[in-house]
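Have a look at the structure below before the remarks.
Just so you know, ligand 1 is whichever comes first in the structure, and atom 1 is the first atom listed for that ligand. Values below: every heavy atom of this structure, side chains too, minus hydrogens, waters and symmetry copies.
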Amino acid sequence: MRILVTGGAGFLGSHLIDRLMAQGHEVVCLDNFYTGTKRNILKWLDNPYFELIRHDITEPIRLEVDQIYHLACPASPIHYQYNPVKTIKTNVIGTMNMLGLAKRVKARFFLASTSEVYGDPDVHPQTEDYRGNVNCIGIRSCYDEGKRVAETLSFDYHRQNGVDIRVVRIFNTYGPRMLENDGRVVSNFIAQALRNQPLTVYGDGSQTRSFCYVSDLVEGFIRLMNSDQIGPMNLGNPGEYTILELAEKIQNMINPGAEIIFKPLPEDDPKQRQPDITRAKSWLGWEPTVPLDQGLELTIKDFRDRIEGNQK
Ligand SMILES: NC(=O)c1ccc[n+]([C@@H]2O[C@H](COP(=O)([O-])OP(=O)(O)OC[C@H]3O[C@@H](n4cnc5c(N)ncnc54)[C@H](O)[C@@H]3O)[C@@H](O)[C@H]2O)c1
C-alpha cells in the first residue's frame with residue numbers, strides 16, 4: 001500500500017514509519033519540521049519506497065494514497081502553547097484538509113487524538129464513553145479543544161461522506177527520539193539527570209500518569225488501522241505511577257545522587273490520568289508488553305547518545 005504519515009518526522013510518526021517500511025509499504029512522510037527533524041527519518045531518505053514532503057497541513061495538498069495516518073500536531077505543552085492559534089489551525093484546518101484528501105482518494109483515515117480530550121477527568125480510569133472535563137478557555141484548550149474538534153470532524157466526514165475513519169486516543173507515550181527540551185515529564189527527568197541537574201517535580205508529585213512505550217503504541221496503531229473498528233479507542237499503558245515515583249526511578253537509574261526539587265503546578269494540569277483499555281483488549285487483542293523499567297532503559301540510552309554526543 002501507499003501510506004501517508006503526517007507528522008512523520010516527529011517522535012511517534014518516525015517510529016510508525018520504521019514499522020510500515022519494514023512491512024514493505026510505500027511511505028509518504030509529510031511534515032513542516034516544527035517539532036520533527038530529518039534525523040528521525042534519516043535512514044529512509046535514500047530508499048526508493050520512501051518520499052519526504054515538506055508541507056504544512058494547514059494548506060491543502062493532493063496525493064494518491066491508500067491510507068493516511070494523521071499525526072501532525074505539536075504534542076507537548078511548550079510547543080503547542082508557543083503559538084496557540086497555529087495549534088488550533090493545525091488541528092482544525094489541517095485535519096479538515098487531510099479528511100478532504102481521504103474523501104477524494106477514498107483512503108482510510110486514522111486520527112491520532114489524545115487522552116487530553118478527557119481534560120481533568122472526574123471519572124477514573126477513563127473509558128471511551130466518558131465525555132471529559134475540559135476547560136474551553138484555558139492555556140491547554142488550543143490542544144484539547146483542537147483535538148476534540150478533530151474527532152468531531154472525523155466522525156462527521158464518516159457519517160456525511162462515508163470516509164473510512166479510525167480514531168485513537170493516545171495516553172502519555174515515551175521512548176527514543178522524544179525531544180530533550182519538550183518539557184514532558186519523562187524527557188525532562190532523563191535530560192536533567194544526565195546533565196547532573198536537579199529533577200523538577202511540579203506540585204507535590206502525587207499526581208499520577210501512565211506511561212506507554214512507543215513500540216507498544218505503534219503496534220496498537222497498526223492493529224486498529226487494519227481492523228474493522230473505527231473507535232474512538234484508548235491506547236496507553238494502564239500501569240499508574242505518581243510523578244514522584246517516576247522521578248525516583250529515573251534518579252536511581254541514572255544518578256542516585258541527583259537532587260529532586262518541587263515547583264508550583266501549571267494551570268489545568270490534570271491530577272490523574274489512566275486509560276481503561278478494555279476496548280483495545282477485546283477489539284484488537286492489544287495490550288502493552290514493555291515494562292516501564294525496560295522502556296526507560298532504552299530511552300535513557302538514546303538520550304545519553306544524543307546529549308553526550310552533543311557535548312563532544
Ligand atoms: N507522544 C504522546 O504521548 C502523545 C499523546 C497523545 C497524543 N499524541 C498525538 O500524537 C501525534 C504525534 O505526537 P508526537 O509525540 O510524535 O509529537 P511530535 O511533536 O514529535 O510530532 C508531531 C509532528 O507533526 C509535525 N507538525 C506539527 N504541525 C504541523 C503542521 N501544521 N503541518 C505539518 N506537520 C506538522 C511536527 O513537525 C512533528 O514532526 C500528535 O498528533 C499528538 O497530538 C501524542
Side-chain angles (χ1 to χ4, degrees), residues 4-18 28-41 52-61 68-98 101 110-119 126 140 142-151 154 167-188 209-218 220-221 232-237 270 273 275 288 295 299:
L4 171 65
V5 181
T6 77
F11 163 49
L12 299 181
S14 62
H15 284 279
L16 172 64
I17 287 176
D18 290 349
V28 181
C29 167
L30 193 154
D31 207 293
N32 69 353
F33 298 112
Y34 173 42
T35 49
T37 91
K38 261 192 196 167
R39 190 184 54 228
N40 288 342
I41 43 168
L52 173 64
I53 304 176
R54 179 189 285 263
H55 178 81
D56 192 304
I57 55 155
T58 58
E59 301 293 333
I61 189 164
I68 301 172
Y69 285 91
H70 177 41
L71 277 65
C73 174
S76 65
I78 289 184
H79 295 113
Y80 71 66
Q81 286 165 4
Y82 174 73
N83 185 344
V85 172
K86 173 74 187 191
T87 301
I88 298 176
K89 285 185 183 168
T90 295
N91 274 315
V92 178
I93 302 172
T95 302
M96 226 148 70
N97 283 333
M98 291 305 122
L101 175 65
F110 175 105
L111 175 69
S113 183
T114 170
S115 58
E116 303 283 337
V117 299
Y118 300 126
Q126 293 85 49
R140 301 170 76 102
C142 58
Y143 183 74
D144 304 4
E145 296 289 14
K147 288 285 186 182
R148 287 169 71 95
V149 174
E151 288 198 16
S154 304
V167 175
V168 292
R169 294 183 179 149
I170 304 164
F171 285 67
N172 268 349
T173 300
Y174 70 99
R177 301 186 198 152
M178 288 181 93
L179 288 176
E180 297 144 35
N181 62 347
D182 72 358
R184 285 191 264 187
V185 65
V186 173
S187 43
N188 258 5
R209 291 291 183 279
S210 62
F211 304 100
C212 184
Y213 188 66
V214 61
S215 60
D216 281 333
L217 186 81
V218 167
F221 280 11
M233 180 179 285
N234 290 338
L235 288 181
N237 193 324
R273 199 58 92 39
T299 312

**Prompt:** For K86 and ligand 1, does the shortest N/O to N/O distance drop below 3.5 Å?
**Reply:** no
At under 4.0 Å between heavy atoms, what of Y143 touches ligand 1? The answer is side chain
Logged contact type for T90 with ligand 1, heavy-atom cut-off 4.0 Å, is side chain
G8 to ligand 1: N or O pair under 3.5 Å?
no
Under a heavy-atom criterion of less than 4.0 Å, does E116 contact ligand 1? no
So, the side chain of S14 versus the backbone of I41: is there a donor-acceptor pair under 3.5 Å, distance only? no
Logged contact type for S113 with ligand 1, heavy-atom cut-off 4.0 Å, is backbone
key: ligand 1 contacted by H55 (non-hydrogen, < 4.0 Å)   = yes
Less than 4.0 Å between a side-chain N and a carboxylate O, is that true for D56 and K86? yes
> Can you find an N/O atom of P74 closer than 3.5 Å to an N/O atom of ligand 1?
Replying inline: no
Quiz item: Based purely on interatomic distance, does D31 place a nitrogen or oxygen under 3.5 Å from a nitrogen or oxygen of ligand 1?
Solution: yes
To atom 5 (C) of ligand 1, the nearest of T87, L179, I170, T173 on a heavy-atom basis is I170
- Run the salt-bridge test on E116 and K147 with the 4.0 Å N-O cut-off and return the result as yes or no. no
